[in-house]
Every structure is written in structure tokens, then in C-alpha cells.
Amino acid sequence: MKIDCTINGSPTVLDVSPMRRLIDLLREEMKLTGTKEGCGEGECGACTVLIDGEAVNSCLVIASQIQGRQVVTIEGLTPRSGLTPLQESFVRKGGLQCGICTPGMIVAARALLDKNLEPDALEIRTAIAGNLCRCTGYHRIVDSILEAAELERSRLSLVDTAPPDL
Ligand code: FES
Ligand code: FES
């Protein structure tokens, strides 16, 4: 089956079995190995990607379900050089240790912050409830996302108050 979709902003045509799992398409066909496989059963969130802006477990999505959709992986959220403020906050606040859960956590956090740039700790915990972490105890992840939200808000307010270009 030919699948027309957009992956990390690039229009993409895939010729694959309609039942192929999205995580396998990404990792094996597209070589986008930032998306991790943990449980393979929709329980751990390591495989989280954005589909049309919603965080979903790519191990539970099949190829035919991305027809016409926009898929964004951790690679699509990462600049060519350096890190985003969200990623920097994870580093600064200790929101990652072994890193296996981190791509999924960042993607889930991005989905939240794109909708709500003023989340409280409970809203953050709810947004990452499907993402398991065996290392950090979650507090530092929540702190990382709170800090990133604050940074992004202050950047936005700087843009809002910048004088017009002459
Ligand atoms: S690998 Fe998809 S939820 Fe665990
Ligand atoms: S940092 Fe190791 S599982 Fe989260």
C-alpha cells in the first residue's frame, strides 16, 4: 500500500504493508531511531510520537492510520545543532538519566506545551502519565517541564514586547 504522509515536515510516500507498525516504519524504513521501543504494547510511552499534534504510542499505530497525517518524531523536535529550551531544561534539571524514556517524555511534554504553556505540576503529571521512567522518580521530569514552560513563556513575552523593526 502507498502511504502519503508528512514525517518531520517532509512530504513522504511509503510503500509498505498497511499493517506495518508505525514504530517499525520510523526506525527501520526511515532510520529515525530516536523513537524507542520499550514494551511494544502501549504501556511505557517510550515510542511516543506526535500525529497531527497529539502524542500517541507509535507501537500501537499501523501504517494505514498515518495516511494523510503529520507525524513528528523526536528528531523533528530537535534542531540540527544544539537543543531546544525544553531539552535543555531536561538536562539542567536532571530530567533524564539512562535516557530510554527521554524521547517519549520530550514528545509528550511538547504536545502538552503546544496546548498549554502554563501547566501546573498535576497537568504535567497527567500529560506524561503514559510515559514510564525507571530512573528519575518523575519529580525532576516535572521540574524540567515546569522550567521549560516558564522559559517559553518569557521568550514569547519578549517577542510580544519587542519594538517593531525599523
Ligand atoms: S513501546 Fe510503545 S508504549 Fe511501550
Ligand atoms: S531516564 Fe531512564 S527510564 Fe527514564
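FYI, the numbering just counts along the sequence from 1. Just so it is clear, the structure is predicted and the values come from calculations on it, not from any experiment.
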Side chains of Leu22 and Ile51 in contact at under 4.5 Å (non-hydrogen atoms): yes

Check: Glu75 main-chain N/O paired with Thr73 side-chain donor or acceptor under 3.5 Å: yes

Non-hydrogen atoms of Pro119 and Ala149 that approach each other most closely: CD-CB, 3.9 Å

Polar side-chain atom of Glu152 near backbone of Pro85 as donor-acceptor pair, under 3.5 Å: no

Hphob cluster co-occupancy, Ile100 + Val107, side-chain heavy atoms under 4.5 angstrom: no

Flag, side chain of Gln65 to backbone of Ile62, donor-acceptor distance under 3.5 Å: yes

Close side-chain approach of Thr78 and Thr84, heavy atoms under 4.5 Å: no

Spacing of Cys59 atom SG and Arg27 atom CZ [to the nearest 0.5 Å]: 12.0 Å

Distance in Å, Cys39 SG paired with Leu60 CG, rounded so as to fall on 0.5 Å steps: 7.5 Å

Residues, nucleotides or ligands: over 12 heavy atoms within 6.0 Å of Gln67 CD: yes

Close side-chain approach of Lys115 to Glu54, heavy-atom, < 4.5 Å: yes

Non-hydrogen atoms of Asn57 and Gly42 that approach each other most closely: ND2-O, 3.5 Å

Atom pair OG1 (Thr35) and CG (Asp24), whose distance is rounded to the nearest 0.5 Å: 11.0 Å

Side-chain (Thr136) to main-chain (Gly95) donor-acceptor, under 3.5 angstrom: no

Side chain proximity check, Ile7 to Leu32, heavy atoms < 4.5 angstrom: yes

Carboxylate-amine/guanidinium contact Arg92 Glu147, below 4.0 Å: yes

Beyond-backbone contact of Glu37 with Arg21, side-chain heavy atoms, under 4.5 angstrom: yes

Atom pair CZ (Arg155) and CD (Glu150), whose distance is rounded to the nearest 0.5 Å: 12.5 Å

Compile the donor-acceptor pairs under 3.5 Å between side chains in residues 139-146 and protein atoms, sequence neighbours left out, one pair per line.
from: His139; atom 1: ND1; to: Arg125; atom 2: NH2; distance (Å): 3.2
from: Ser144; atom 1: OG; to: Arg140; atom 2: O; distance (Å): 2.6

Same apolar cluster: Leu77 and Phe90, side chain cutoff 4.5 Å: yes

Short side-chain to backbone donor-acceptor contact, Glu123 and Asp120, under 3.5 Å: yes

Heavy-atom donor-acceptor pair, Arg20 side chain to Leu25 backbone, under 3.5 Å: no

Flag, side chain of Asp52 to backbone of Arg69, donor-acceptor distance under 3.5 Å: no

Hphob cluster co-occupancy, Val49 + Leu14, side-chain heavy atoms under 4.5 angstrom: yes

CD-OG1 distance between Glu28 and Thr33, expressed to the nearest 0.5 angstrom: 11.0 Å

Lys36 side, atom NZ; Cys47 side, atom SG - distance, nearest 0.5 Å: 12.0 Å

ILVMFWY cluster, Val72 and Ile128 together (side-chain gap under 4.5 Å): yes

Heavy-atom closest contact (Met105 atom, Asn131 atom, distance): CE-O, 3.2 Å

Atom of Thr48, atom of Ala108 and distance for their closest heavy-atom approach: CG2-N, 4.3 Å

Donor-acceptor contact present, side-chain Asp4 to main-chain Gly68, <3.5 Å: no

Beyond-backbone contact of Ile74 with Gln87, side-chain heavy atoms, under 4.5 angstrom: yes

hydrophobic_cluster_shared for Val91 and Leu113, side chain cutoff 4.5 Å: yes

